[in-house]
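These notes are about the structure you will find just below.
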Amino acid sequence: MNLFNENNASVHLIPSDPNATFYILPNGIGKDRRTIFSNAIQHFHLQLVASPENARFILADEQFDLPKVFSILKLDLSESEEKSLPIVIQIKWLTDSLKEKNLVPLTKDYIFRTPLIRKKTMPSFSQEPVIEEKKTIKNKPKRRLSDDQPQGGCATQVKQRRYSSDDDNNDMMEDYNDTVKNPFKNGELPKGNWMCSMSSQTAKKNTEINKDIIDKLQAMADLYNKTNDKWRAYSYQKAITTIRRCTKRIDSYEEIIKLPGIGESLAKKIWEIIDTGSFEKLEDFQSSEYMTAINLFGNIWGCGPNIAKHWYDQGFRTLNDVRTKAKLSQNQTVGLKYYDEFLERIPRDEVAEIEAVVKEHALALVPGLTIQTCGSYRRGKATCGDVDILITHTDGISHQGLLIPIIDSLRKCGFLTDDLVLSDKYEEDSGSHVKYFGVCLLPGENRKHRRLDIIVIPHNEYACALLYFTGSALFNRSMRNLAHQYNMYLSQHRLNTGVIRKNNSKINMGTPLYTPTEESIFKYLNLPYRPPEERDH
DNA sequence: CAGTAG
DNA sequence: TGGCCTTACTG
DNA sequence: GCCA
C-alpha cells in the first residue's frame with residue numbers, strides 16, 4: 001500500500017488509504033468553492049482534515065507559490081528535514097478530477113515546485129502510524145460534541161455555534177449555515193404540500209367531525225399497504241392527513257377537490273362516503289377472500305405483501321394453514337406466536353414501565369447515559385404500537401459496545417422473551433448505529449408481550465436519530481423529501497448539504513451539517529419547529 | 001439480491 | 001411520464 | 001392515487 005510509485009516521478013494516490021489526508025487551504029478560495037471542494041474530497045473517498053498539521057496533502061489555490069503557502073501555514077521550509085512536510089497540490093487537481101468524474105493521476109505537474117526538499121520529504125507510510133492516526137481521527141469528533149444539549153437550544157442558536165479551531169478533522173462538521181444554499185427565502189418552502197411544515201395538533205380535535213370518512217379511507221389505506229399497491233396507499237394516507245386538518249364537516253364535492261393531495265379519484269370516493277354513507281370499493285375488498293387473507297397474513301411481523309400473496313397462492317387461508325404448512329422465517333415464527341398481542345395497542349403508562357426497566361439496566365452498566373423513548377410515546381399518544389428507546393452518551397464514546405450488554409442484562413432477568421433483529425456489528429466506523437428489535441414482557445400477572453426497539457447511537461447523531469425515531473413515518477418522509485428539494489439529504493444519521501444526485505442516485509454525498517438539536521434540523525430546512533406532539537400525521 | 005421493517 | 005425517504009437487517 |  002504505497003502512496004507513491006518510487007520509480008516514477010508521479011504520485012499515485014490510493015483514495016482509500018487513510019494516510020491520504022487532505023487539507024484545503026482556505027486562502028483565496030471562497031466559501032462556495034470550498035464547499036464544492038469539500039464535497040469532492042468526500043466524493044472521492046478521501047480523508048478531509050480540519051487542520052494542516054494532520055494533513056499529508058495541502059490543496060492550495062494556484063495563485064500562491066510554495067513559500068507563500070508555507071508561510072500561511074507557519075511552517076518553515078528550510079527546517080524540519082526529518083519531519084515530513086505536507087505535499088502541496090494545486091486545487092486544479094481536484095477540479096480536473098471532478099471534470100473527469102474520477103481521480104486523475106496526481107502527477108508532479110499538480111504539485112507545487114519544491115526543488116529543495118522534495119526528495120527527502122516524501123512521507124514514509126509504515127503500518128504503525130496508520131493505526132494511531134485512525135484512532136485519533138475516529139475519537140476526537142465524538143468527544144468534541146460533548147457539550148451538546150439535546151433538547152435545549154432554539155433554532156437561532158444554531159448560527160452561533162462554532163467548533164473550536166483546534167478541532168481537527170471536522171472541516172465537514174463546520175458550521176455550514178452560511179453555505180447552505182437553497183433558493184428559498186426565510187420561511188418559504190418549495191411548491192408542494194409539505195406535511196412536515198404543518199402542525200398535526202389541530203387535527204386531533206377535528207378527528208371526530210369527519211370521522212366516518214377518515215376511518216373508511218384508513219381502512220382502504222391499510223389494505224392497499226398490504227398489497228403491492230404502496231403508492232396508492234401513500235396517497236390515501238396523505239389524503240387522510242389533509243382531511244384531519246379540516247376544521248369543518250366536509251359537505252361538498254367542490255371543497256373536496258380543492259384540498260391538496262386529493263384528486264378526482266379520491267374526491268369521488270370521499271363524496272360517495274358523504275353522500276351515501278358507504279364506500280363500495282372498501283366493502284368489496286372486505287368481502288374478498290383474497291384481501292381477507294392478505295390482511296390476516298400481513299399482520300404477522302415479518303410478512304409483507306409478497307410473502308402474503310405467496311401463501312395465498314399456495315392455498316393458505318387461515319393462520320393455522322400458515323402455522324402448519326408455510327415455511328416460516330424466524331421473525332415470522334415470532335410474529336405468529338404473538339399475533340394477537342402485537343395487534344394490541346400499549347397504554348402509555350405501560351410504555352413508561354418498560355422504559356423504566358430498560359433505563360434501570362442500562363444505567364447500571366453505564367451511569368449518565370441519555371435514554372429517550374421515542375415513537376408515538378414521545379408524540380404524546382395515549383397508546384403506542386411499540387416501544388422505541390434511543391440510547392446515547394454525551395461523552396460521545398460510552399455508547400460503544402453497549403447494546404449487547406444491555407440486551408444480555410435484560411434477557412437474563414426474563415424481560416426479553418424473543419429477538420427479531422439484533423445488529424451488533426459496531427465497527428466504530430461509519431457512525432453505524434446499533435439496533436435491537438425484540439419482544440419484552442413485564443413481570444406480573446396479565447402482562448402482554450410487547451414489541452421493543454432499542455437503538456444505541458453516537459451522540460453526534462442524536463438529533464437526527466431522535467427526529468427519525470420520533471416520526472411519524474409520514475412526517476419523516478415529508479421532511480426528507482423536502483431536504484431532497486434543497487439538494488440535501490436527511491437520514492437517521494445526519495443532514496447533508498450539497499448532495500449531487502443523478503438519475504435518482506447520489507453521486508456526491510455532500511457535506512454533513514452540524515445538527516446539535518432537532519431545532520437545528522428544522523431551521524436548515526426552512527421549517528418552523530414542530531414539537532413531537534405536532535408531528536402526529 | 002428481494003423482502004421487510006423502521 | 002415517473003417520482004413519491006432512507007438505511008439496515010434477514011435469508 | 002397525486003403531482004409537476
Side-chain angles (χ1 to χ4, degrees), chain A residues 190-196 217 220-221 224-242 257 259-270 281 297-311 327-335 342 374-376 385-390 419-427 430-438 451-455 457 461 464-465 467-485 488-496 499 501 503-506 509 525:
Chain A
K191 198 179 173 191
N193 178 22
W194 301 105
M195 285 176 297
C196 55
L217 292 181
M220 279 301 280
Y224 276 130
N225 254 326
K226 287 172 177 124
T227 69
N228 267 323
D229 221 339
K230 55 180 179 176
W231 297 122
R232 189 164 274 113
Y234 184 69
S235 287
Y236 273 78
Q237 204 66 60
K238 291 224 288 191
I240 290 165
T241 294
T242 303
I257 195 76
L259 294 170
I262 298 181
E264 195 180 331
S265 176
L266 268 172
K268 277 182 189 163
K269 293 179 169 69
I270 293 166
K281 184 89 178 172
F297 300 160
N299 282 328
I300 298 171
W301 203 95
C303 171
N306 291 305
I307 305 290
K309 180 175 187 306
H310 184 234
W311 286 344
K327 185 173 180 293
L328 291 167
S329 74
Q330 209 151 347
N331 287 345
Q332 289 154 359
T333 306
V334 176
F342 283 179
C374 300
S376 46
D386 61 5
V387 184
D388 303 304
I389 299 181
L390 193 58
D419 302 333
L420 291 166
V421 175
L422 176 51
S423 104
D424 66 338
K425 52 177 202 180
Y426 189 90
E427 299 286 344
S430 71
S432 72
H433 70 253
V434 175
K435 69 180 173 188
Y436 172 81
F437 295 169
R451 280 273 300 105
L452 172 64
D453 298 347
I454 300 175
I455 295 103
I457 55 148
E461 294 182 5
C464 288
L467 184 72
Y468 175 58
F469 289 107
T470 298
S472 67
L474 235 48
F475 184 88
N476 286 341
R477 290 169 73 169
S478 173
M479 208 155 162
R480 289 166 175 219
N481 191 191
L482 179 61
H484 192 134
Q485 301 281 320
M488 294 172 156
Y489 111 99
L490 176 61
S491 75
Q492 56 266 58
H493 299 296
R494 63 190 74 88
L495 173 64
N496 279 19
V499 178
R501 294 172 169 89
N503 297 331
N504 212 16
S505 79
K506 293 187 277 290
M509 288 298 287
L525 298 175

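Numbered from 1 within each chain, the chains take letters A, B, ... in sequence-line order.
Here A/Asp453 lies in heavy-atom contact (under 4.0 Å) with sugar-phosphate atoms only. Within the nucleic acid shown, A/Asn481 comes within 4.0 Å of sugar-phosphate atoms alone, with no base atom in reach, counting heavy atoms only. Contacts of A/Lys327 with the nucleic acid, taken as non-hydrogen atoms under 4.0 Å apart, are absent. Within the 4.0 angstrom heavy-atom criterion, only backbone atoms of the sugar-phosphate kind lie near A/Ile300; the bases stay farther away. Residue A/Lys269 is classed as a sugar-phosphate contact, given heavy-atom separations below 4.0 Å to backbone atoms only.
Atom pair A/Leu420:CG and B/dA5:C1' shows a separation of 10 Å (rounding to whole Å applied). A straight line from NZ of A/Lys268 to C1' of D/dC2 spans 15 Å, rounded to a whole angstrom. Counting to the nearest Å, the C1' atom of C/dT7 and the OH atom of A/Tyr468 are 7 Å from each other. Atom-to-atom, CD1 of A/Ile455 to C1' of C/dT7 comes out at 13 Å; the value is rounded to the nearest Å. The CZ-P distance, from A/Arg477 to D/dC2, rounds to 16 Å in whole Å. Put simply, CD on A/Gln332 is 10 Å from C1' on C/dG11, counting in whole angstrom units. For the pair A/Lys230 NZ and B/dA5 C1', the computed distance is 12 Å after rounding to whole Å. As rounded to whole Å, 11 Å separates atom P of C/dC4 from atom NZ of A/Lys238.
Side-chain contact annotation: A/Ser265 with A/Lys269, donor-acceptor N/O pair under 3.5 Å present.
When distances are taken from the side chain of A/Asn504 to each of D/dG1, C/dT7, C/dG3, the shortest belongs to C/dG3. Counting only heavy atoms from C-beta on, A/Arg480 has its side chain closest to C/dC5 among C/dC5, C/dT7, D/dG1. For A/Lys506, taking side-chain heavy atoms from C-beta onward, the closest of the listed nucleotides C/dG3, C/dC5, C/dT7 is C/dT7. Of the candidates C/dC5, C/dG11, C/dT7, C/dG11 carries the atom nearest the A/Gln330 side chain, counting heavy atoms from C-beta on. Here the nucleotide nearest the side chain of A/Lys191, chosen from C/dG11, D/dA4, C/dT7, is D/dA4. Listed candidates were C/dC4, B/dA5, C/dT7. Nearest to the side chain of A/Met509 is C/dT7.
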Check nucleotides 1-3 of chain B for protein N or O atoms closer than 3.5 Å to its own N or O atoms and list the pairs.
none

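A/Tyr234 has a side-chain polar atom (N or O) that falls below the 4.0 Å cut-off from OP1 or OP2 of C/dC5. Checking the phosphate oxygens (OP1, OP2) of D/dG1, a side-chain nitrogen or oxygen of A/Arg232 falls inside 4.0 Å. For A/Ser423, a side-chain nitrogen or oxygen approaches OP1 or OP2 of C/dC9 to under 4.0 Å. Contact annotation: A/Tyr236 does not reach the phosphate of D/dC2 (side-chain N/O to OP1 or OP2, under 4.0 Å). Proximity of A/His493 to the phosphate of C/dA8: a side-chain N or O atom is located under 4.0 Å from OP1 or OP2.
Although no hydrogens or angles enter the test, the distance criterion places no donor-acceptor pair under 3.5 Å between the side chain of A/Ser478 and the main chain of A/Trp194. Using modelled atom types, one side-chain atom of A/Arg451 and one backbone atom of A/Gly438 make a donor-acceptor pair closer than 3.5 Å. A donor-acceptor distance shorter than 3.5 angstrom exists from the side chain of A/Asn476 to the backbone of A/Tyr468, with no hydrogens or angles considered. The backbone N or O of A/Met509 lies less than 3.5 Å from a partner atom in the side chain of A/Asn496, making a donor-acceptor pair.
Here, C/dT7 and D/dG1 have their C1' atoms 26 Å apart, quoted to the whole Å.
Relative ring orientation between A/Tyr224 and A/Tyr236 is described as tilted, the plane-to-plane angle lying within the 30° to 60° band.
In this structure the side chain of A/Arg501 reaches within 4.5 angstrom of the side chain of A/His484, judged on heavy atoms. The side-chain heavy atoms of A/Leu490 and A/Leu467, taken from C-beta on, include a pair separated by under 4.5 Å.
Rounded to the nearest 0.5 Å, atoms CZ (A/Phe437) and CG (A/Leu452) are 10.5 Å apart. Here NZ of A/Lys435 is found 8.5 Å from CG of A/Asp453. Values are rounded to the nearest 0.5 Å. Taking CG of A/Leu328 as the reference point, atom SG of A/Cys303 lies at 9.0 Å (rounded to 0.5 Å).
Stacking between A/Trp231 and the base of C/dC4 is present: ring centres sit under 5.5 Å apart and the planes differ by under 30 degrees.
Pairs of Watson-Crick or G-U wobble type, with distances under 3.5 Å, assemble into runs of 3 or more in DNA chain C at these ranges: B:1-5 with C:7-11, C:1-4 with D:1-4.
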